[in-house]
Chemist: 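The structure follows.
Per chain, numbering begins at 1; letters A, B, ... match sequence-line order.
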Amino acid sequence: MAYWLMKSEPDAFSIDDLRSAGQATWDGVRNYQARNFMREMQPGDNFLFYHSSCQPPGLAGIGEIISSAYPDATALNSQSPYHDPKTSAERLPWVAVDVSFQKKFPTLLALTAIRLLDGLEELPLLHKGNRLSVMTLTTEQWAILTKAAQA
DNA sequence: GCCAACGTTGGC
DNA sequence: GCCAACGTTGGC
């Protein structure tokens with residue numbers, strides 16, 4: 001089983017939205033490195049739900065990956081905010097996965113608090129200028145973050 | 001609202 | 001294939 005971290009702007013889709021929906025489609029990712037990680041996802045993997053571009057940014061909870069990657073049709077939809085006019089049904093590089101709610105942390109683990117934790121030197125989230133919206137976590141990173149979030 | 005960092009685009 | 005210009009991300 002693998003561990004992931006995925007970012008979402010809570011104004012668009014938050015941990016509370018996932019909790020009320022129970023499950024959801026994680027789509028709209030338009031970056032090849034993030035896409036490649038999504039292709040590796042398997043049902044049963046867990047991910048940390050990160051709220052970005054908000055105040056404060058940080059980890060809000062845990063979800064589960066419940067499907068492997070499949071083509072992200074929002075790229076083809078001219079009405080979608082995720083429309084990618086360079087794609088077609090024959091040439092569709094983007095993927096989505098289905099996810100389910102697992103838990104919301106008692107309090108948000110803010111980015112400022114994450115920066116103070118030991119053992120996360122390799123975590124891309126903390127690297128200056130990093131914008132990757134889907135990243136893999138080692139078992140150790142997962143343990144450090146989930147422990148801090150529920151302390 | 002600012003701006004640093006990064007990815008993408010397009011001229012050559 | 002290089003690289004400058006541009007657009008986007010996302011913390012502050």
Chemist: For C/dT9 and A/Tyr50 - does any side-chain N or O of the residue sit under 4.0 Å from the phosphate oxygens OP1/OP2?
Modeler: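 For C/dT9, OP1/OP2 do not have a side-chain N/O of A/Tyr50 under 4.0 Å.
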
Chemist: Got a list of side-chain donor-acceptor pairs under 3.5 Å for residues 4-16 of chain A, not counting sequence neighbours?
Modeler:
from: A/Trp4; atom 1: NE1; to: A/Asp45; atom 2: OD2; distance (Å): 3.0
from: A/Lys7; atom 1: NZ; to: A/Leu132; atom 2: O; distance (Å): 3.1
from: A/Ser8; atom 1: OG; to: A/Phe13; atom 2: O; distance (Å): 2.6
from: A/Ser14; atom 1: OG; to: A/Asp16; atom 2: N; distance (Å): 3.2
from: A/Ser14; atom 1: OG; to: A/Asp17; atom 2: N; distance (Å): 3.1
from: A/Ser14; atom 1: OG; to: A/Asp17; atom 2: OD2; distance (Å): 3.3
from: A/Asp16; atom 1: OD1; to: A/Arg19; atom 2: NH2; distance (Å): 3.0
from: A/Asp16; atom 1: OD1; to: A/Lys104; atom 2: NZ; distance (Å): 3.0
from: A/Asp16; atom 1: OD2; to: A/Lys104; atom 2: NZ; distance (Å): 3.3

Chemist: Atom CG of A/Leu59 to atom P of C/dG11: distance rounded to whole Å?
Modeler: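 It is 11 Å, rounded to the nearest whole Å.
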
Chemist: To the nearest Å, how far apart are A/Lys128 NZ and C/dC12 C1'?
Modeler: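 After rounding, the reported distance stands at 12 Å.
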
Chemist: Checking A/Pro71 now: which residues fulfil side-chain contact (heavy atoms from CB on, under 4.5 Å) with it, not counting sequence neighbours?
Modeler: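 Expected list: A/Leu92.
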
Chemist: Can you tell me the distance, in whole Å, between the CG atom of A/Leu5 and the C1' atom of C/dG10?
Modeler: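 Answer to the nearest Å: 14 Å.
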
Chemist: Rounded to the nearest 0.5 Å, what separation is found between the CD1 atom of A/Ile114 and the CG atom of A/Leu59?
Modeler: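 It is 4.0 Å, given to the nearest 0.5 Å.
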
Chemist: Expressed in angstrom and rounded to an integer, what is the separation of A/Gln55 atom CD from C/dT9 atom C1'?
Modeler: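 Distance, rounded to whole Å: 16 Å.
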
Chemist: What pairs of nitrogen or oxygen atoms, one from the protein and one from nucleotides 3-8 of chain C, lie under 3.5 Å apart?
Modeler:
from: C/dT8; atom 1: O2; to: A/Arg131; atom 2: NH1; distance (Å): 2.8

Chemist: Which residues, ordered by chain and number, are linked to A/Ile66 in its hydrophobic cluster, where ILVMFWY side chains connect at heavy-atom gaps below 4.5 Å, directly or through other members?
Modeler: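 Hydrophobic cluster check, A/Ile66: no partners found.
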
Chemist: Taking side-chain contact (heavy atoms from CB on, under 4.5 Å) as the definition, give me every residue that meets it alongside A/Ser20, ordered by chain and number, with sequence neighbours left out.
Modeler: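 Applying side-chain contact (heavy atoms from CB on, under 4.5 Å) to A/Ser20 gives none.
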
Chemist: Which pairs of donor and acceptor atoms, one on a side chain in residues 21-31 of chain A, lie under 3.5 Å apart (sequence neighbours left out)?
Modeler:
from: A/Thr25; atom 1: OG1; to: A/Asp98; atom 2: OD1; distance (Å): 3.1
from: A/Arg30; atom 1: NE; to: A/Tyr82; atom 2: O; distance (Å): 3.2
from: A/Arg30; atom 1: NH1; to: A/Asp72; atom 2: OD2; distance (Å): 2.9
from: A/Arg30; atom 1: NH2; to: A/Asp72; atom 2: OD2; distance (Å): 3.2
from: A/Arg30; atom 1: NH2; to: A/Thr74; atom 2: OG1; distance (Å): 3.0
from: A/Arg30; atom 1: NH2; to: A/Tyr82; atom 2: O; distance (Å): 2.9
from: A/Asn31; atom 1: OD1; to: A/Gln33; atom 2: N; distance (Å): 3.0
from: A/Asn31; atom 1: OD1; to: A/Ala34; atom 2: N; distance (Å): 2.9

Chemist: Tell me what A/Arg30 touches on the nucleic acid: a base, only sugar-phosphate, or nothing, going by heavy atoms under 4.0 Å.
Modeler: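 No contact.
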
Chemist: What is the distance from CG of A/Leu108 to P of C/dG11, rounded to the nearest Å?
Modeler: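 After rounding, the gap between these two atoms is 11 Å.
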
Chemist: What residue pairs, at least two apart or across chains, pass ring pair (Phe, Tyr, Trp, His ring centres under 6.0 Å) with a residue in residues 99-137 of chain A?
Modeler: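 Found none.
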
Chemist: Rounding to an integer number of Å, can you tell me how far A/Asp11 CG sits from C/dT9 C1'?
Modeler: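 About 15 Å, once rounded to whole Å.
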
Chemist: If a pair satisfies salt bridge (Lys or Arg N to Asp or Glu O under 4.0 Å) and one of its residues is in residues 115-124 of chain A, list it, with sequence neighbours excluded.
Modeler: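 Listed by first then second residue: nothing to list.
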
Chemist: Calculate the interatomic distance between A/Met6 atom CE and C/dT9 atom C1'; express it in whole Å.
Modeler: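 To the nearest whole Å, that distance equals 18 Å.
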
Chemist: Just how far, in rounded Å, is C1' of C/dG10 from NZ of A/Lys7?
Modeler: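 It works out to 7 Å between those atoms.
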
Chemist: For A/Glu64 and A/Gly44, which heavy atoms make the closest approach, and how far apart are they?
Modeler: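 It is OE2-CA, 3.4 Å.
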
Chemist: For DNA chain C, determine which residues of residues 79-93 of chain A have any heavy atom closer than 4.0 angstrom to one of its atoms, and list them numerically.
Modeler: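 Those residues whose heavy atoms fall under 4.0 Å from DNA chain C, taken from residues 79-93 of chain A, amount to none.
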
